[in-house]
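For reference, the structure discussed in these notes is given below.
As the structure is a computational prediction, the values presented were derived from the model and not from experiment.
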Amino acid sequence: MDALAKLFAGAVTDKGFRQTIQDSVAERFDGDNDVLWKSLKAKPGAQGAITKVASQAKGISTLSAQNTVAALANGIPRFQVAVPANFDTWNAADYTPLVAWMPEGVDDTTLATVTAYDAAGKAHQLDAQVAPKQPVIVLGVNERTDDAGNVLQTRQSDVTSADESVSAAAASYKVTMNEVVLLDDKEPWAKGDAEIAVRVKSRGCSGTGFVEYNWEGLNNAGDEWTGVENLGSSKCDVVFSWWEDDGSSFDFELAFGEYKLGIGMDDDDDRIGDVQIKHSLFEGSSQNRTNWGALRQWTS
């Protein structure tokens, strides 16, 4: 990623390449300010701009340079090019941004700096938690697609009948999300918008089983979602678990205490909070407020 950032920093001195990046990112194919490299390189002149810089920097033929770039990029699944901050104010015709790269396998909530390069190859250390005042191109790994580049389909609800272990006398209540306020997105600016995820699962009966890996409208700290989202129905208590999903491999299963929630998790994902809400609290129309510090939710 570091080697690619140096090549991109040299290539974006080409106004045409900058405009191609801006136009491609503006499509927001996954809802964020980014584009997969496999899509960008297919645009006229894009791959040639990087190849030219690699050829000049390494003193190799165009074909060798093209193979070098391909070897670097192909080693990064879901390789993306993003402009996560100040994209809407970027005048690609006149301004040449620094090119930074986002490391993987680190705690992004405590990451202090990210490295960015200018056209001369000089390294700059940018604050990882405070967005810069100027647009910066950031190379990284897309968190909203699978390895084939397909945007993840997220919102699901597997509403089923109550388990026989629950008393037949228990009433089945609809479980609804009414409002969510995001106070801490658990995502540094260089990774773009957050992917706020939730798992909602009945505990003690089959009841509701809902998962969302990218709640629409909850992208940055301060965002608020209101509406009526049916999460299913339940005859037993319901567990809510929220996290910021970094789209990595699955190392363990999400759990509430010892209760497994049937969702793969990775050490890179950032937990927001969990709660078990009593079955009786879903009766009627009154709303129940839960606060984790990083997020507040209202259910009924």
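- Taking CG of L261 as the reference point, atom CG of L254 lies at 4.5 Å (rounded to 0.5 Å).
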message = What verdict does the side-chain contact (heavy atoms from CB on, under 4.5 Å) test give for W243 and K186, after you've listed the backbone C-alpha separation in whole Å, the side-chain angles of each residue and the deciding distance to 0.1 Å?
response = CA-CA 9 Å; W243 71 97; K186 303 288 185 179; over 6 Å; no

task = Could you go through the salt bridge (charged side-chain N to carboxylate O under 4.0 Å, His left out) check for D246 and K191 one step at a time?
result = CA-CA 9 Å; D246 283 327; K191 296 187 76 171; 3.3 Å; yes

request  = Take E253 and K201 through the salt bridge (charged side-chain N to carboxylate O under 4.0 Å, His left out) test and state the conclusion after the steps.
outcome  = CA-CA 14 Å; E253 184 178 352; K201 193 171 188 294; over 6 Å; no

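- Atom CG of residue D193 and atom CG of residue N33 lie 6.5 Å apart, to the nearest 0.5 angstrom.
- At a threshold of 4.5 Å between non-hydrogen side-chain atoms, the residues F256 and R199 do not count as touching.
- Side-chain atoms of D32 never come within 3.5 Å of backbone atoms of D34 as a donor-acceptor pair (strictly under, hydrogens ignored).
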query = Where do T299 and T290 land on the side-chain contact (heavy atoms from CB on, under 4.5 Å) test, with the steps shown first?
reply = CA-CA 8 Å; T299 57; T290 308; 5.5 Å; no

message = Checking T109 against D270 for the side-chain hydrogen bond (donor to acceptor under 3.5 Å, both in side chains) test, could you report, in this order, the C-alpha distance in whole Å, the side-chain angles of both residues, the deciding distance, and whether it holds?
response = CA-CA 8 Å; T109 63; D270 302 304; 4.6 Å; no

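- A salt bridge links E27 to K43: one of the charged nitrogens lies within less than 4.0 Å of a carboxylate oxygen.
- Two residues are said to be in side-chain contact when any heavy atoms from C-beta on lie closer than 4.5 Å; V175 and F240 meet this criterion.
- For the side-chain hydrogen bond (donor to acceptor under 3.5 Å, both in side chains) criterion with D237, the lone passing option out of H279, Q276, K278, R203 is Q276.
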From CA spacing to verdict: side-chain contact (heavy atoms from CB on, under 4.5 Å), W101, I76 = CA-CA 12 Å; W101 62 279; I76 307 171; over 6 Å; no

